[in-house]
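I have placed the structure first, in the form of structure tokens, so that the comments after it can refer back to it.
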Amino acid sequence: MAKMNFGGVEENVVTRAEFPLEKALETLKNETIAVIGYGVQGPGQSLNLRDNGFNVIVGQRKGGKSWDKAVADGWVPGETLFDIEEAAERGTIIQFLLSDAGQIDAWPKIKKYLTPGKALYFSHGFGITYKERTGIVPPADVDVILVAPKGSGTSLRRMFLQGRGLNSSYAIFQDATGKAWDRVIALGVGVGSGYLFETTFKKEVYSDLTGERGTLMGAIQGIFAAQYDTLRAKGHTPSEAFNETIEELTQSLMPLVSENGMDWMYANCSTTAQRGALDWWKKFRDATKPVFEELYSEVECGNEAQRSIDSNSQPDYRVKLEEELKEMRESEMWQTGIVVRQLRPENN
């Protein structure tokens, strides 16, 4: 572990240079990693672990689409693919990668297989941080650890296949064996992390819920819609409004920001764009800061967690979700996006 300076603040980070894959494999050579759940994070993490040479099995409910997907990905029923309880029994490290609502439902089944010395692994701090609401209280004689890739399981897998890594946070909630740090870092390397930065379960879930509702998904969709609707109301065509709102951002500018930073991108655009962006960015900051403060407060007090639990545990959750996604999908903005993507040179 090394101290790295981020804008004047020192943080604990671990890179693959100091904890290489060979060391991770040696650390976990006698472990069986049971990945429970094959939805969002399960496929990417389990496939990366398998390709990296770890002893990994998958636990999933038989008969569902995720079971069939696991079989299609090469997991063999009775050898590397089992129902959830058998996988949990076989695993010395249980990667609990069901959805937050799924974890609440499956916890009574998983808990009985958490025998002394095992490790319980999460990729989200939700279940532990809000344990009074979720009921997920691990026994005292197991390690409780977290590796949270900063992206979707699809991105984790895609970047792994490209020979790249996706940055992840790591945390230790409970070190019962004295091996929790070695275990969590080895797993972080194994699943395909770029570098690993230290956090806590609580900080992970607070930042994650804020980010999902904020700049990662909620706020960005809201800003997209506000600008698109304004341009359309002023007589601009759907194509022009979409290109100026979304296409130029995602295809041209954000890759430059990712590579070089926002200041570099400002310095390498037209002087007109520079002046306008510099004049207006603080107005947008000041307008949205109160919303972010309200959002963080709702996350911190547990209201956002309770809303998620209440909504996602309803039997008709997926039906209602599809209705909300259908509204977004069928909006003029995203229907225009379908046509714009088809017109990209790589698709012609």
Side-chain angles (χ1 to χ4, degrees), residues 1-4 10-16 18-37 41 45-46 49 52 54-57 59 87-98 100 103 106-107 110-150 167-208:
M1 183 167 59
K3 292 281 188 182
M4 296 290 291
E10 280 197 341
E11 295 186 37
N12 292 326
V13 302
V14 181
T15 69
R16 289 186 286 187
E18 59 190 298
F19 205 109
L21 178 60
E22 294 74 20
K23 184 175 180 179
L25 288 165
E26 178 64 23
T27 299
L28 302 181
K29 66 181 179 181
N30 297 319
E31 305 267 22
T32 297
I33 305 166
V35 176
I36 307 300
Q41 282 288 335
Q45 293 200 29
S46 61
L49 285 164
N52 271 333
F54 293 86
N55 181 24
V56 57
I57 61 175
E89 183 176 20
R90 287 171 175 264
T92 60
I93 297 172
I94 298 175
Q95 291 193 256
F96 206 19
L97 299 183
L98 295 168
D100 295 325
Q103 287 182 13
W107 177 244
I110 296 297
K111 186 176 180 180
K112 61 186 176 182
Y113 297 110
L114 286 170
T115 51
K118 286 193 176 186
L120 178 63
Y121 166 111
F122 294 85
S123 283
H124 191 25
F126 191 100
I128 294 293
T129 299
Y130 302 113
K131 56 185 179 295
E132 294 82 6
R133 301 169 187 265
T134 65
I136 298 175
V137 181
D141 50 12
V142 301
D143 293 341
V144 182
I145 55 181
L146 172 146
V147 173
K150 296 299 103 181
N167 297 333
S168 302
S169 60
Y170 75 91
I172 298 170
F173 179 76
Q174 192 166 278
D175 184 3
T177 67
K179 301 184 297 182
W181 191 87
D182 287 328
R183 277 172 146 177
V184 74
I185 299 303
L187 288 162
V189 171
V191 302
S193 301
Y195 77 85
L196 291 145
F197 59 95
E198 188 176 33
T199 189
T200 66
F201 273 65
K202 183 178 289 187
K203 287 180 179 177
E204 189 283 329
V205 74
Y206 286 3
S207 61
D208 190 71

Less than 4.5 Å apart, side chain to side chain, heavy atoms only: is that true for [X] and [Y]?
X: Val205; Y: Phe122; answer: no
X: Tyr170; Y: Ile145; answer: no
X: Val14; Y: Ser193; answer: no
X: Leu28; Y: Ile93; answer: yes
X: Ile128; Y: Ile136; answer: yes
X: Gln41; Y: His124; answer: no
X: Tyr121; Y: Val35; answer: no

| Going by atom types only, do Thr134 and Gln103 share a side-chain donor-acceptor pair under 3.5 Å? |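 No, no side-chain donor-acceptor pair sits under 3.5 Å.
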| message | Can you see whether Thr199 engages Ser169 through a side-chain donor-acceptor pair at a distance of less than 3.5 angstrom? | response |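 No donor-acceptor contact under 3.5 Å links the two side chains.
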Between the side chain of [X] and the main-chain N/O of [Y], is any donor-acceptor distance below 3.5 Å?
X: Asp143; Y: Thr177; value: yes
X: Lys118; Y: Tyr113; value: yes
X: Ser168; Y: Val147; value: no
X: Gln174; Y: Pro139; value: yes
X: Thr92; Y: Thr32; value: yes
X: Thr129; Y: Phe201; value: yes

State, to 0.1 Å, how close [X] and [Y] come at their nearest heavy-atom pair, and which atoms those are.
X: Phe54; Y: Ala24; value: CE2-O, 3.6 Å
X: Ala148; Y: Lys150; value: O-CE, 3.0 Å
X: Thr27; Y: Arg183; value: CG2-N, 4.5 Å
X: Asp141; Y: Pro116; value: OD2-CG, 3.2 Å
X: Glu204; Y: Gly125; value: OE1-N, 2.7 Å
X: Ala88; Y: Ile110; value: CB-CD1, 3.9 Å

| What do you reckon, is NZ of Lys203 surrounded by more than 12 foreign heavy atoms closer than 6.0 Å? |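 Check fails, neighbour count at 12 or below.
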| request: Hey, can you tell me if Trp181 and Phe19 have their rings parallel, tilted or perpendicular (30° and 60° cut-offs)? | output: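 Trp181 vs Phe19 ring planes: perpendicular.
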| field | From Ile36, Leu120, Leu49, residue fulfilling side-chain contact (heavy atoms from CB on, under 4.5 Å) relative to Gln95 | value |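 Going through Ile36, Leu120, Leu49 one by one, the side-chain contact (heavy atoms from CB on, under 4.5 Å) with Gln95 is satisfied by Leu49 alone.
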| message | Is there a side-chain contact (heavy atoms from CB on, under 4.5 Å) between Tyr206 and Thr200? Walk through the geometry before answering. | response | CA-CA 10 Å; Tyr206 286 3; Thr200 66; over 6 Å; no
Could you state the interatomic distance from [atom1] ([X]) to [atom2] ([Y]), rounded to the nearest 0.5 Å?
X: Lys111; Y: Phe96; atom1: NZ; atom2: CZ; answer: 11.5 Å
X: Tyr130; Y: Lys202; atom1: OH; atom2: NZ; answer: 9.0 Å
X: Ile33; Y: Ile94; atom1: CD1; atom2: CD1; answer: 12.0 Å
X: Leu196; Y: Arg16; atom1: CG; atom2: CZ; answer: 9.5 Å

| Ion pair Glu26/Lys23, N-O distance below 4.0 Å |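 Salt bridge flag = no for Lys23 with Glu26.
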